[in-house]
Amino acid sequence: SQQGEEDPQALSIQEGENATMNCSYKTSINNLQWYRQNSGRGLVHLILIRSNEREKHSGRLRVTLDTSKKSSSLLITASRAADTASYFCATDANSGYSTLTFGKGTMLLVSP
Amino acid sequence: DVKVTQSSRYLVKRTGEKVFLECVQDMDHENMFWYRQDPGLGLRLIYFSYDVKMKEKGDIPEGYSVSREKKERFSLILESASTNQTSMYLCASKTSGDYNEQFFGPGTRLTVL
C-alpha cells in the first residue's frame, strides 16, 4: 500500500533557487526518510527524521516533520544542476520489520 | 562504504522463462529487500528477508519467489516470466534497528518479450 505521497510530481527551477518537496502519509510512523535517485540508477539515502523530531539539517538539506498533519517537507537550498534527480519519501510504519513504504517521487530539474 | 551489487544492469528474457536476479551485499546486513519500480507507481516491495533462510511477503509477491541461503546474497526468482513483469528491479539491504537507512543496488532493468 502506498504510504507517502510526494507533491509536486515535478519541479523545475534555476540553479541557485531553493527547491521544496512535500510528502504526506496516512498512518503513524516510526521515522521518515528521504532518498534521491539519479536517472536509471539506485536510490541514495539523504536524511532520516524520527517521529519525535520536528526538523533536521544536513548540509543544504532541511527536513521538517509534522506528525499531527502527517506530512514532511524536504528543502534543498541553493540548488545546483547536480541536484537534478527524483526524490522519494519513505515511511517506516513501525510494523515490526522496519520495512519502508515509498511514495511515487518528485522529479526535480535544476537548470544552469 | 556499503556496497550492494546486482548481477545484471539490463536483462532481456522471453515469456515463460525462469529468471534469476541476484543481489549481494558486503556489509553483513541482516535485512535484504527486493522492490520493483514502475513509472507512476514508485517503488513497491516484493519480498524481504530479515535473516538467512527467512522471507516475508511484501506488497506485491505474486509471481515471484525469493531465496536467501547465505547472509550476503538474496535472489529474486520469476518462475515463469510474463510481460507485466517488465520493470526496474531494485535490491536493498540494511542492518537491524529502527533508525537505519537502506542501501540500494544499481538496479536491473528487466524486459520480458
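Throughout, protein chains are lettered first and strands after them, A, B, ... in sequence-line order, and every chain is numbered starting at 1.
Enclosure of atom CZ in R80(A) is not indicated, since only 12 or fewer non-hydrogen atoms of other residues, nucleotides or ligands lie within 6.0 angstrom. Surrounding CE of M107(A) are at most 12 heavy atoms belonging to other residues, nucleotides or ligands under 6.0 Å away.
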Next item on the list: Take R54(A) and D66(A), measure what salt bridge (Lys or Arg N to Asp or Glu O under 4.0 Å) needs, and give me the verdict at the end.
Entry: CA-CA 6 Å; R54(A) 292 296 166 259; D66(A) 186 335; over 6 Å; no
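For D38(B), no part sits under 4.5 Å from any heavy atom of chain A, backbone or side chain. Only the side chain of Q37(B) comes within contact range of chain A, with heavy atoms under 4.5 Å apart.
Applying the side chain to side chain contact (heavy atoms under 4.5 Å, CB included) rule to V112(B) yields the partners T15(B), A81(B), T86(B), L110(B); only residues at least two apart in sequence or on another chain are considered.
Ring-centre distance between F33(B) and F104(B): not below the 6.0 Å cut-off.
T84(A) places no side-chain N or O within donor-acceptor distance of the main-chain N or O of L109(A), the cut-off being under 3.5 Å. Listed for the Q25(B) side chain is a donor-acceptor partner under 3.5 Å among the backbone atoms of K71(B). With hydrogens and angles disregarded, no donor-acceptor distance shorter than 3.5 Å links the side chain of K13(B) to the backbone of G16(B). For T91(A) (side chain) and L32(A) (main-chain N/O), no donor-acceptor pair under 3.5 Å exists by modelled atom type.
Residues from residues 48-55 of chain B that place a non-hydrogen atom less than 4.5 Å from a non-hydrogen atom of chain A comprise F48(B), Y50(B), given in numerical order. Using a 4.5 Å cut-off between non-hydrogen atoms, the part of residues 35-51 of chain A that approaches chain B consists of Y35(A), Q37(A), G40(A), R41(A), G42(A), L43(A), H45(A), L48(A), R50(A).
Between chain A and the residues K94(B), M88(B), R9(B), the most heavy-atom pairs under 4.5 angstrom are made by R9(B). Per-residue heavy-atom pair counts under 4.5 Å with chain A were compared for G58(B), S96(B), G107(B), G40(B), and the maximum is reached by G40(B).
S67(B) and S75(B) form no side-chain donor-acceptor contact under 3.5 Å, judged by distance and modelled atom types alone.
Counting only residues at least two apart or in different chains, disulfide bond (SG atoms under 2.5 Å apart) contacts with residues 57-113 of chain B comprise C23(B)-C91(B).
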